[in-house]
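Hydrogens, waters and symmetry mates are skipped; everything else that's a heavy atom, side chains included, is used. Being a predicted model, the structure only gives us computed values, none of them experimental.
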Amino acid sequence: MAYQIGTLADGQKRVLRKTSHELSSPIARMQVLLGILESSTNSDDVQGKYMVTHDLALRQMGLLVQELLALAKANLRRSIETTQDSWRA
């Protein structure tokens with residue numbers, strides 16, 4: 001049973017790492033692209049204002065991804081601690 005729990009915990013960690021990479025990398029690439037576009041356009045331009053809006057949205061998405069992953073990691077730790085406590089009892 002302990003082996004199964006360890007396997008499940010490892011699987012969850014692997015999913016978290018992959019999720020982090022798969023969600024964070026595209027957001028970072030889009031932020032870089034927007035930064036390049038912003039530097040090449042006039043900030044008074046309507047297009048420039050849209051880019052700033054999209055940059056803000058991407059930053060918020062990035063923060064949400066970080067919070068989601070932190071929550072998932074906390075739940076995983078709590079799950080492992082609960083399982084360990086049940087074994088001690």
Rounded distance (nearest 0.5 Å) linking atom CD of Gln60 with atom CG of Asp55:
10.0 Å

Which heavy atom of Ile27 sits nearest to which heavy atom of Leu58, and what is that distance?
CG2-O, 3.5 Å

Measure the spacing between CG of Leu56 and CG of Leu34 and express it to the nearest 0.5 Å.
11.0 Å

